Amino acid sequence: MRRLIVLVSALLGSGVVLATAVSSGATLDKRDTSAFGEYAVRFQPGTSLQAMTAAVGAAGGAVSEDMHQIAAVEVASNDGHFLKKILATQGVVDAFVDGHGPSANGQLGGSTPAGAAPTTESTSGADPWHDAFQWDDTRMNVPPPTPTTGAGVTVAVLDSGIDPSQTEVGPNDIGETNFIPCATLTSVFGKKFVSKYLGITDCGTYDHEGHGTWVASRIAGALNGFASNGVAPGAKLLDQKMLAEPYGFDSAWAIAAMLDACDKDANVLNMSLVEYNDPTNADDVKDYLLWVDAASYCTSKGVVLVAAAGNDHVRINRVNMTLGGRHLNGVGQVDAGSDGMGLPQSLPLTPTDVRGDLEVPGGLPGVIMVSATGNTTADASSAVAAPYRFATGLQDQLAYYSNYGSRVDVAAPGGARSFNVPSYDASGGDVYTDGYGVFGSSSTGGALCDTSLGTGCFKLPRGESFMWLQGTSQATANVSGVVAALLGARPALGSSPAAVLARLQATARRDMTNQMGPLTPSTVATLVAPCPAGYCHIATTSPIAFGDAYGAGIVNAGAAIG
């Protein structure tokens, strides 16, 4: 893979770009592989896990991840001849070194805004706390929630874990499974080597990052009279932890978590993650097809897959293509031209070059891809360079970081800085104020609450932590919450993911006019940061078309539920 990332929230604040940002242009052509040299091994369909385990052992490896549903396993091996031996094994179809995605802290970072968390939560649109802290519910027309909204529905959260001690998510957390194979990796490579990457602490189920807890709270935070509730507070949460802080994840960890969740009768999978695969790289194609098969397995069981569009502000086209001899419809492919050059993810300002790449999981056939919108664009102010004082006072603009394009199915509020421009384009510093991000609960001990990283959260006397975040992660969680509420009200839709998407699209809001433009190589003298590599700044004269920005529109929970 040219570049693999966990899609995370871009924290609102000072606009510091963390040191763990994604690869610079100098390494874009080098496939980002597992630090452990793990292998994905595919067998003939119908091969049992027992037979696969025996074959792997005979070749000098140990199974570290179970993907038997698609006749595959992940393997840890320190045998330099493993790949040659396993490929010569009867029944083996293919094997390749697995890919890796950095930590959820590997994107934009910033400081927590000033302000206070609410002491009461919303039960209706007339509640002043609702307007300030849950503006996203208003934009999605979420009906006043009840404790049973989403009842009977299980949402699997593939992320950094869920902190069950948080009163917002603990009551709805029905199971925690860790797909980070610490025990196998340690037995093969040794404790010292594994600890170098995973640390000792993140081999358990606790959310050491905080991202997963936040996502879970937005989907199904309890309606308990305290702080913020989820869109579907009656839904249950299945914690599928596949992200290690600070390492990140290997592809098979996420795929195994998908397959397991679908076998556990999850109704919805929330995947606030993004990877990019290079279709000209043979191993990337193999990796992509693993994801395709996992998504197909889940949709065949009636599971609704919801995933993020991505935070790079690149165009994702909907294409049909042949990969590995297989014809696929509805693939999400990054534009091969200038619209495939994304937001800078490192210092100095080096844009992400994912031109022509395939996005997973959002761009997989059968997966609902979600773009992100902001709250309200603030009025013109000297806090922002003159060329970017546009679209002032407008609501529901495509967020400056959100990917877009014909592959987007629907949009949802994800939050954005108050002037909806990257922080490096704000001449007065970061332009965040309360109410522009999306509000949710986080893990008190997670990295997102660590002020030494330039981030942080509200830590309240009761022990809970809350924070404002922005990102397509937040938009994805909003859509998953709406889907849970929809399935709770209309359980007959649960057997058809296509019918769920059709319902969301047919009832979506379309009363917005987008003014957000694509990235541009133009350099403007008044900008704070130069853009020597190009494609760093927002175009102000060529808005992205409605369908590319929003898909069918912003999800409308009230209309969808009907």
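Nothing here was measured: the structure is a model prediction, and the numbers come from that model.
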- Interatomic spacing from OG in Ser272 to CD in Gln474 - rounded to 0.5 Å: 7.0 Å
- Message: Measuring only between side-chain heavy atoms, which start at C-beta, is Asn329 closer than 4.5 Å to Pro365?
- Response: no
- Message: For a quick test of reading the model, state the closest non-hydrogen atom pair linking Leu198 to Cys182 and the distance between them.
- Response: CD1-SG, 3.7 Å
- Message: Quick one: does any side-chain atom of Asp159 pair with a main-chain N or O of Gly161 as donor and acceptor, under 3.5 Å?
- Response: no
- Message: Salt bridge or not between Arg326 and Asp293? Use side-chain N to carboxylate O under 4.0 Å.
- Response: yes
- Message: Is a donor from one side chain sitting under 3.5 angstrom from an acceptor on the other, for Asp263 and Tyr297?
- Response: yes
- Show the numbers, then the answer: is there a side chain to side chain contact (heavy atoms under 4.5 Å, CB included) between Val306 and Val367? CA-CA 6 Å; Val306 185; Val367 175; over 6 Å; no
- Task: Take Gln240 and Asp260 through the test side chain to side chain donor-acceptor pair (under 3.5 Å) and record every step on the way to the result.
- Result: CA-CA 9 Å; Gln240 301 289 93; Asp260 180 75; 3.1 Å; yes
- Message: Pair Asp335, Val314 - check side chain to side chain contact (heavy atoms under 4.5 Å, CB included), show working.
- Response: CA-CA 7 Å; Asp335 191 84; Val314 295; over 6 Å; no
- Query: Between Asn172 (side chain) and Pro233 (backbone), is there a donor-acceptor pair under 3.5 Å?
  - Reply: yes
- Query: Looking at Lys85 and Asp79, does any basic side-chain N land under 4.0 Å from a carboxylate oxygen?
  - Reply: yes
- Item | Carboxylate-amine/guanidinium contact Lys286 Asp94, below 4.0 Å | yes
- Task: First locate atom CG of Leu305, then atom CG of Leu501, and finally report the distance between them rounded to the nearest 0.5 Å.
- Result: 11.0 Å
- Message: As an exercise, state the distance from CH2 of Trp291 to CD1 of Ile255, rounded to the nearest 0.5 Å.
- Response: 5.0 Å
- Nearest heavy-atom approach of Ala256 to Phe179 is O-CE2, 3.8 Å
- Query: Who are the side chain to side chain contact (heavy atoms under 4.5 Å, CB included) partners of Ala35, not counting sequence neighbours?
  - Reply: Tyr197, Tyr247
- Task: Apply ring pair (Phe, Tyr, Trp, His ring centres under 6.0 Å) to Tyr39 and Phe96, showing your working.
- Result: CA-CA 5 Å; Tyr39 302 91; Phe96 56 96; 9.3 Å; no
- Item | Polar contact flag, side-chain donor to acceptor under 3.5 angstrom, Trp214-Glu209 | no
- Closest approach of Ser402 to Thr472 (non-hydrogen atoms, all atoms of both residues): OG-CG2, 3.6 Å
- Message: Check the orientation of Phe193 and Phe189. Use parallel for under 30°, tilted for 30 to 60°, and perpendicular for over 60°.
- Response: tilted
- Within the side chain of Thr154, is there an N or O that forms a donor-acceptor pair under 3.5 Å with the backbone of Ala266? no
- Taking 4.0 angstrom as the limit, do Asp409 and Arg318 come out as a salt bridge? yes
- Hey, do the aromatic rings of Tyr404 and His313 have their centres closer than 6.0 Å? yes
- Query: Leu273 and Ala254: which non-hydrogen atoms are nearest, and at how many Å?
  - Reply: CD1-CB, 4.4 Å
- Is there a side-chain contact between Lys236 and Val155, using heavy atoms and a 4.5 Å cut-off? no
- When you look at Tyr550 and Val410, which way does the side chain to side chain contact (heavy atoms under 4.5 Å, CB included) test go after all the steps? CA-CA 6 Å; Tyr550 306 110; Val410 292; over 6 Å; no
- Query: To the nearest 0.5 Å, how far apart are CD1 in Ile86 and NE2 in His81?
  - Reply: 15.0 Å
- Does Asp250 use its side chain to pair, donor to acceptor, with the backbone of Ala252 at less than 3.5 Å? no
- Note on the structure: Taken to the nearest 0.5 Å, the spacing of Asp98 CG from Glu74 CD works out to 4.0 Å
- Query: Got a donor-acceptor contact below 3.5 angstrom from the Asp207 side chain to the Gly210 backbone?
  - Reply: yes
- Query: Side chains of Glu38 and Ser64: donor-acceptor distance under 3.5 Å anywhere?
  - Reply: yes
- Query: Going through the distances and angles, do Lys241 and Thr177 end up as a side chain to side chain contact (heavy atoms under 4.5 Å, CB included)?
  - Reply: CA-CA 6 Å; Lys241 178 174 177 174; Thr177 305; over 6 Å; no
- Item | Min side-chain heavy-atom separation Val75-Val73 under 4.5 Å | yes
- Drop me the distance from Glu359's CD to Tyr276's OH, to the nearest 0.5 angstrom. 4.5 Å
- Message: Under the side-chain contact (heavy atoms from CB on, under 4.5 Å) test against Leu328, which residue among Leu358, Leu289, Thr322 passes?
- Response: Leu289
- Message: Using a 3.5 Å distance criterion without hydrogens, assess whether the side chain of Thr47 forms a donor-acceptor pair with backbone atoms of Gln44.
- Response: yes
- Yes or no on side chain to side chain donor-acceptor pair (under 3.5 Å) for Asp287 and Ser251, after CA distance, side-chain angles and deciding distance? CA-CA 8 Å; Asp287 181 86; Ser251 298; 3.1 Å; yes
- Would you say the side chain of Thr213 lies within less than 4.5 Å of the side chain of Val169, judging by non-hydrogen atoms? yes
Acceptor/donor pairs from residues 478-487 side chains to any protein atom, 3.5 angstrom cut, sequence neighbours excluded:
| unit_1 | atom_1 | unit_2 | atom_2 | d |
| --- | --- | --- | --- | --- |
| Asn478 | OD1 | Arg218 | NH1 | 2.6 |
| Asn478 | ND2 | Asp136 | OD2 | 3.3 |
| Asn478 | ND2 | Pro413 | O | 2.8 |
| Ser480 | OG | Asn270 | OD1 | 2.7 |
| Ser480 | OG | Thr476 | O | 3.3 |

- Message: Please check this pair: side chain of Thr373 against backbone of Leu398, looking for a donor-acceptor N/O pair closer than 3.5 Å.
- Response: no
